[in-house]
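Shown next, in structure tokens, is the structure this report addresses.
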Amino acid sequence: MAQVSIRINGRSYDIACDDGQEERIHSLANYVDERVKEISGAVGQIGEQRLLVMTSLLIADELGDAHEQLRAPKPEQPTVAEPGSLSAAESDALAENIENMAGRIDGIAAKLIKD
């Protein structure tokens with residue numbers, strides 16, 4: 001087990017972690033320290049224990065929001081067919097749709113040029 005010394009709100013803490021996780025622990029501690037500084041800047045030094053509790057709640061709220069976003073249904077993405085995977089009928093319908101859209105674009109462009 002590795003031992004890491006981190007600093008949060010000006011105080012050092014020795015933390016044990018799995019070997020190879022030292023950099024990750026430092027990164028997490030830096031994030032927590034930044035959040036602590038934000039809160040202490042907004043509300044002042046209200047005592048270390050209360051400050052750390054408020055920071056923990058803020059980070060837990062952020063995590064909850066992230067979980068909700070991950071669970072939220074995502075709009076279906078249209079699938080793009082691989083070249084050569086369309087049947088002749090699908091290919092003809094697609095070509096017709098493209099021609100119709102091109103015609104509408106030409107009509108809009110002609111109206112814009114007249115105006």
Side-chain angles (χ1 to χ4, degrees):
M1 268 233 150
Q3 193 78 8
V4 186
S5 182
I6 61 171
R7 211 164 173 78
I8 297 176
N9 199 32
R11 253 186 112 162
S12 290
Y13 298 91
D14 293 326
I15 305 291
C17 66
D18 290 335
D19 291 332
Q21 292 297 311
E22 298 89 350
E23 189 175 322
R24 176 80 173 143
I25 296 298
H26 280 290
S27 176
L28 292 170
N30 287 337
Y31 179 76
V32 170
D33 190 46
E34 288 173 19
R35 303 307 297 203
V36 166
K37 286 176 184 173
E38 286 176 29
I39 292 174
S40 67
V43 299
Q45 283 292 350
I46 55 174
E48 187 170 16
Q49 185 176 14
R50 185 173 284 171
L51 187 60
L52 293 176
V53 167
M54 289 179 70
T55 303
S56 298
L57 291 172
L58 176 71
I59 292 171
D61 185 47
E62 291 172 352
L63 180 61
D65 288 347
H67 280 209
E68 285 178 23
Q69 288 177 354
L70 288 174
R71 285 191 303 258
K74 292 172 182 59
E76 255 186 64
Q77 300 272 335
T79 56
V80 177
E82 292 293 321
S85 66
L86 296 176
S87 69
E90 290 172 324
S91 184
D92 289 344
L94 184 58
E96 187 177 328
N97 280 339
I98 291 172
E99 287 176 20
N100 287 339
M101 284 189 265
R104 292 193 340 224
I105 291 170
D106 286 341
I108 292 169
K111 285 182 184 178
L112 290 173
I113 292 171
K114 284 182 187 177
D115 295 335

For the side chain of Glu90 and the backbone of Ser87, is there at least one donor-acceptor N/O pair under 3.5 Å apart? yes

More than 12 non-hydrogen atoms from neighbouring residues, nucleotides or ligands closer than 6.0 Å to CD on Gln49, yes or no? no

Could you see if Val4 belongs to whatever hydrophobic cluster contains Leu28? Use Ile, Leu, Val, Met, Phe, Trp, Tyr and a side-chain cutoff under 4.5 Å. no

Leu63-Leu70 co-clustered via ILVMFWY side chain contacts under 4.5 Å: no

Any heavy-atom pair between the side chains of Asp18 and Gln21 that's under 4.5 Å? yes

Main chain of Leu52, side chain of Ser56: is a donor-acceptor contact present, judged purely on distance under 3.5 Å? yes

Establish whether Tyr31 and Val53 are linked, either directly or via other cluster members, by ILVMFWY side-chain heavy-atom contacts under 4.5 Å. no

What is the distance from atom OG of Ser5 to atom CG of Asp14, rounded to the nearest 0.5 Å? 4.5 Å

Let me check something: do Val43 and Val36 share a hydrophobic cluster, defined by ILVMFWY side-chain heavy atoms less than 4.5 Å apart, either directly or through other members? yes

Hphob cluster co-occupancy, Ile46 + Ile59, side-chain heavy atoms under 4.5 angstrom: yes

Heavy atoms of Ile6 and Ile8 approach each other most closely as CD1-CD1, 4.0 Å

Pairwise distance CD1(Ile39) to CG(Leu51) - rounded to 0.5 angstrom: 6.5 Å

Side chain to side chain, His67 and Arg71, heavy atoms closer than 4.5 Å: yes

List the atom of Ala2, the atom of Glu22, and the distance in Å for their closest heavy-atom pair. CB-OE2, 2.8 Å

Closer than 3.5 angstrom, by distance alone: can the side chain of Asn30 be matched with the main-chain N or O of His26 as a donor-acceptor pair? yes

Is any side-chain N of the basic residue among Arg35 and Glu38 closer than 4.0 Å to the acidic one's carboxylate O? yes

Least distance between heavy atoms, Asn9 atom then Asp33 atom: N-OD1, 2.7 Å

Note, Asp65 side chain near Asp61 side chain (heavy atom, < 4.5 Å): yes

